[in-house]
Amino acid sequence: MLRVEGVDVSYGPIQVLFDVSIEVGEGEIVALLGTNGAGKTTVLRAISGIVGLTSGRISFQDTDITGASPRQIVEAGLIQLPGGRGVFPGMSVRENLEVGGYVYGRDHARRRAAIKAVLEEFPALGDRLDQQAGTLSGGQQQMLSLAKSMVPEPKLLLIDELSLGLAPVIVEQLLGTLRRYVERGVSVVVVEQHVDLALSIAQRAYFMERGSIRFDGPAEELHGRDDLLRAVFLATATDG
Ligand code: ATP
């Protein structure tokens with residue numbers, strides 16, 4: 001589904017990604033782990049076309065999308081759920097969902113149908129369509145952010161920190177909804193600080209350190225391998 005090959009990215013003169021390669025299969029959840037500043041968010045930005053590559057190649061469903069615009073990438077079915085609050089706080093829940101459906105252009109019927117389908121997965125939002133998004137709780141805002149990302153019917157969802165600042169019970173609810181989409185073939189790349197959580201939902205994980213992939217493997221093998229995790233996280237901590 002997604003193939004990232006040998007990607008380098010620089011912010012101005014500073015190189016932050018070094019030869020990053022990642023693969024995601026159809027209906028697969030892949031976790032991208034690592035300490036602060038390891039480059040995880042930059043990998044997502046590179047895939048979304050928000051930052052350019054200095055070298056490497058990205059293909060999506062066997063089509064080369066290297067250098068494609070963020071809009072072309074969204075239209076191809078690759079949607080990023082931004083870290084933090086991914087909603088427009090001054091807009092209503094309904095308006096936020098409509099923004100998520102901008103890819104449908106003037107096809108209002110298609111947009112309405114897509115929003116209706118999403119509301120079936122997120123019934124709590126259906127009762128709050130006219131509420132201003134900024135007045136929702138943190139968990140509800142994250143739910144809206146996820147729902148908004150589902151309106152364009154993504155084939156691959158890039159999620160930056162789903163669990164950030166949320167109570168475990170809310171995270172479980174969001175994961176339950178996410179799993180239902182995955183069962184229908186949606187693929188997910190999830191960036192998480194919360195390693196146990198990431199390994200519990202992902203089939204495979206990649207560990208990043210200072211802009212490079214240090215190792216990758218099936219989540220079930222990495223789960224409980226504190227020795228590996230410590231090696232990566234402590235090496236980063238002591239090397240500064
Ligand atoms: P975090 O979880 O803290 O966001 P991360 O693993 O997602 O960490 P990135 O945000 O991708 O890491 O950052 C990788 C490196 O790039 C860091 O050294 C960061 O300071 C730097 N960086 C990130 N964004 C920019 C930017 N817009 N301009 C310059 N440097 C940046």
Side-chain angles (χ1 to χ4, degrees), residues 2-24 29-58 60 65-71 73-74 78-87 138 141-142 145-146 149 156-166 168 171 174-175 178 187-202 204-217 219 222 228-240:
L2 178 76
R3 183 167 285 147
V4 175
E5 292 168 283
V7 162
D8 291 350
V9 168
S10 299
Y11 290 119
I14 314 283
Q15 186 171 354
V16 295
L17 294 187
F18 301 85
D19 195 24
V20 168
S21 296
I22 290 173
E23 279 187 30
V24 185
I29 305 186
V30 165
L32 194 53
L33 306 172
T35 47
N36 281 343
K40 306 177 297 294
T41 301
T42 304
V43 172
L44 298 191
R45 285 191 194 137
I47 298 170
S48 305
I50 298 165
V51 298
L53 316 183
T54 44
S55 63
R57 183 173 181 274
I58 302 180
F60 181 57
I65 57 163
T66 317
S69 70
R71 176 160 194 143
I73 291 173
V74 165
L78 216 158
I79 307 287
Q80 179 165 358
L81 192 111
R85 299 281 145 83
V87 300
Q141 289 191 36
Q142 186 69 309
S145 182
L146 183 59
S149 306
L156 175 71
L157 197 60
L158 307 169
I159 303 183
D160 203 348
E161 302 283 358
L162 184 75
S163 73
L164 198 69
L166 300 180
V171 175
L174 291 171
L175 290 180
L178 192 60
S187 309
V188 180
V189 177
V190 58
V191 163
E192 263 296 337
Q193 292 281 341
H194 193 323
V195 174
D196 285 339
L197 177 89
L199 292 178
S200 71
I201 58 162
R204 281 186 310 115
Y206 290 86
F207 282 78
M208 289 193 75
E209 189 192 2
R210 282 171 296 176
S212 300
I213 304 285
R214 267 289 292 272
F215 59 85
D216 67 278
L222 299 171
L228 284 180
L229 302 183
R230 208 172 294 124
V232 169
F233 289 110
L234 285 186
T236 308
T238 48
D239 294 354

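Just so you know, ligand 1 is whichever comes first in the structure, and atom 1 is the first atom listed for that ligand. These numbers were taken from a predicted model, which means no experiment stands behind them.
Residues forming a side-chain contact (heavy atoms from CB on, under 4.5 Å) with S10 (at least two apart in sequence, or on another chain): Q15, T54. Scored by the salt bridge (Lys or Arg N to Asp or Glu O under 4.0 Å) test, R204 finds E28 as partners (sequence neighbours excluded). Evaluation of the side-chain contact (heavy atoms from CB on, under 4.5 Å) rule for V74 yields I79, Y102, V103 as partners, not counting sequence neighbours.
By the 4.5 Å heavy-atom criterion applied to side chains, L175 and L162 are counted as neighbours. Contact check for I47 versus Q80: no side-chain heavy atoms found under the 4.5 Å cut-off. Residues L158 and V43 form no side-chain contact, since every pair of their non-hydrogen atoms from C-beta on lies 4.5 Å or further apart.
Contacts of ligand 1 (protein heavy-atom distance under 4.0 Å) are Y11, V16, T35, N36, G37, A38, G39, K40, T41, T42, R45, Q193.
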